[in-house]
Amino acid sequence: MSTHTVTASPAETCAPGRAARELGLKRSELDLAARLGRIRTVPDEGGGGRRVPRAEIDRLSAEPGFPEALRESVRTVGTRDAAALMEVAPTRFTRFARAGLVVPVTFYLNRYRAVVWRYLADELRAFAAAPEHAGLLHGPTPQTLRGPLAAGLDLRARNWRGRHLGFLLRQAEDPWQRAGALASLLDPVHIAEVVPDPYERAHLGRFRPAPPGYGTPGSPAALLAERIATADDPDEIAWLRADLTHALAEARDERPAPRPTTAATAALALAPPAASPAASPAAPPGERPTERGRLRLLGWLRRGGT
């Protein structure tokens with residue numbers, strides 16, 4: 001962690017569950033508000049995650065329209081409700097989302113492991129109210145979009161990853177954490193190519209956030225969520241690799257990755273050999289000590305020993 005990290009005592013902050021109750025939000029709504037930067041959080045000085053400052057709760061409680069306005073600012077809708085909100089057909093709204101004109105803010109997997117994207121209601125209302133979007137809402141789909149959509153264009157996952165990365169970077173407090181946030185969207189092969197040093201790669205892994213958890217680790221649902229959270233577009237991958245390279249250079253300058261020291265090994269190599277007790281003459285190869293003793297006894301008898 002950075003030496004400049006500011007933490008607050010439990011008396012000055014609230015756990016997320018309590019903060020959600022005091023703000024009239026569900027826990028998932030508070031988490032989303034924090035991800036969007038609507039609610040400020042701080043690290044827990046005990047290392048137990050993040051907490052909401054008491055001053056932030058007081059600030060939000062004093063805003064006009066509280067708590068309804070706060071709840072509405074983080075309300076999300078699925079495709080059908082989003083289309084109704086914008087007064088278009090669901091198929092047209094899906095084309096907007098696939099083309100990247102509207103960006104999902106979160107997703108979940110239904111019982112059939114199908115991806116259900118969710119969108120901020122506030123953003124959809126703003127999109128529909130913009131005069132420059134009137135033709136998109138009620139006219140034919142422009143040719144510039146029709147061709148890519150027919151070819152299979154779908155930017156929903158990529159746009160969600162961009163939003164997710166923004167959240168991770170806002171939470172990062174030093175260069176290693178920023179590098180870990182960028183690495184969290186790359187698969188291990190790309191990370192190994194950008195970070196060939198195994199000690200640096202292991203250190204980077206400490207700051208690499210895990211993908212959103214869905215189901216038991218290794219389950220089909222968890223693997224699908226991990227695939228959504230991993231960059232797969234060549235342009236996106238190239239951009240992430242370039243940013244990771246730059247972030248790693250800053251991280252090395254501030255604090256190089258730890259690696260095993262060779263001081264102990266060098267000390268052992270330079271130390272003089274320890275004195276050993278006198279040893280009996282070595283026996284000829286393959287000769288056992290009992291055989292050596294028997295031969296000595298026979299020689300003594302031949303010399304007239306009694």
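From a predicted model like this one, the values you see are computed outputs, not experimental measurements. As a basis for the values below, the full set of heavy atoms in this structure was taken, side chains included, without hydrogen atoms, waters or symmetry mates. Throughout, residue positions are numbered sequentially from 1 according to the sequence presented.
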For F66, look at atom CZ and say whether over 12 heavy atoms of other residues, nucleotides or ligands are found less than 6.0 Å away. yes

Is the shortest side-chain heavy-atom distance between P67 and L25 below 4.5 Å? no

Contacts of T216 meeting side chain to side chain contact (heavy atoms under 4.5 Å, CB included) (sequence neighbours excluded), chain-then-number -> S219

Closest non-hydrogen atoms of L124 and A82, given as atom of the first, atom of the second and distance, are CD1-CB, 3.3 Å

What one should report as the nearest heavy-atom pair of L240 and A231 is CD1-CB, 3.6 Å

By ring-ring contact (aromatic ring centres under 6.0 Å, His included), H203 pairs with (sequence neighbours left out) W176, F207

Taking the side chain as everything from C-beta on, heavy atoms only, tell me whether P175 gets closer than 4.5 Å to R252.
no

Is the backbone of A229 close enough, under 3.5 Å, to the side chain of R161 for a donor and an acceptor to pair up by distance? no

Verify same cluster id: V42, L36 (apolar side-chain graph, 4.5 Å) | no

The reported gap from CZ in R156 to CZ in F96 (rounded to nearest 0.5 angstrom) is 14.0 Å

Are the side chain of R163 and the backbone N or O of V103 linked by a donor-acceptor pair below 3.5 Å? yes

query = Are any of the side-chain nitrogens in E29 or R71 under 4.0 Å away from the carboxylate oxygens of its partner?
reply = no

Notebook entry, point to check: L120, L137: one ILVMFWY side-chain cluster at the under-4.5 Å cut-off?
Noted result: no

- Query: Going by an N to O cut-off under 4.0 Å, is there a salt bridge joining D81 and R118?
  - Reply: no

Here the gap from I39 atom CD1 to R59 atom CZ, rounded to the nearest 0.5 Å, amounts to 8.5 Å

If you define the side chain from C-beta out and look only at heavy atoms, does anything of R38 sit under 4.5 Å from L32? no

Check your understanding: Is the number of heavy atoms from other residues, nucleotides or ligands within 6.0 Å of CD (E87) greater than 12?
Key -> no

A179 and L248 have their tightest heavy-atom pair at CB-CD2, 4.2 Å

* Close side-chain approach of L145 to L101, heavy-atom, < 4.5 Å -> yes

The reported gap from OH in Y119 to CH2 in W160 (rounded to nearest 0.5 angstrom) is 13.5 Å

Rounded to the nearest 0.5 angstrom, the CG-CG distance for L60 and L70 is 6.0 Å

**Request:** Compare all side-chain heavy atoms of L186 with those of I237 and state whether any distance is below 4.5 angstrom.
**Result:** yes

In terms of hydrophobic clusters joined by side-chain contacts under 4.5 Å, are L224 and W117 together?
yes

Of all heavy-atom pairs linking P217 and A222, the shortest is CA-CB, 4.2 Å

L169 and L244: same hydrophobic cluster, using ILVMFWY side-chain contacts below 4.5 Å? yes

Salt-bridge contact R241-E193 (side-chain N to carboxylate O under 4.0 Å): yes

Are the side chain of R50 and the backbone N or O of T41 linked by a donor-acceptor pair below 3.5 Å? yes

Between the CG atom in L85 and the CD atom in E123, the distance rounded to the nearest 0.5 Å is 12.0 Å

Review point. Do R125 and E72 pass the side-chain contact (heavy atoms from CB on, under 4.5 Å) test, and can you show the C-alpha distance, the side-chain angles, and the key distance before you say yes or no?
Key: CA-CA 12 Å; R125 279 192 290 265; E72 185 60 26; 2.8 Å; yes

Value for CZ (R158) from CG (L153), rounded to nearest 0.5 Å, stands at 10.0 Å

- Flag the pair T230 / L185 as yes when at least one side-chain heavy-atom distance between them is below 4.5 Å, and no otherwise. no

Between R35 and Q171, do the side chains contain a donor N or O and an acceptor N or O under 3.5 Å apart? no

* Measure from the side-chain N and O atoms of D187 to the backbone N and O of H190, and report whether any donor-acceptor pair falls under 3.5 Å. => yes

Worksheet item: Is it the case that one hydrophobic cluster holds both V116 and V102, taking links as side-chain heavy atoms less than 4.5 Å apart, direct or via other members?
Response: yes

In terms of heavy-atom contacts, A221 and L109 come closest through O-CD1, 3.4 Å

### Task
Look at R54 together with E22 and state whether they make a salt bridge at an N to O cut-off of under 4.0 Å.
yes

Short side-chain to backbone donor-acceptor contact, R98 and L149, under 3.5 Å:
yes

Between Q177 and E173 (side chain of the first, backbone of the second, donor and acceptor by atom type, cut-off under 3.5 Å), is there such a pair?
yes

- Query: Is the shortest heavy-atom distance from the side chain of W239 to the side chain of D235 under 4.5 Å?
  - Reply: no

Between R208 and S184 the two heavy atoms that sit nearest each other are NE-CA, 3.5 Å

field: Lys/Arg-Asp/Glu bridge criterion (N-O < 4.0 Å) met for D122, R75
entry: no

Exercise. Using 4.0 Å as the upper bound for N to carboxylate O, is an ion pair formed by E12 and R51?
Worked result: no

Main-chain N/O of P196 paired with R201 side-chain donor or acceptor, under 3.5 Å: yes

Under 4.5 Å between any side-chain heavy atoms of L136 and F127, yes or no? yes

Check your understanding: Salt bridge or not for R255 and D174, using N-O below 4.0 Å?
Key -> yes

For L168, the other hydrophobic cluster members (4.5 Å side-chain criterion, sorted by chain and number) are F167

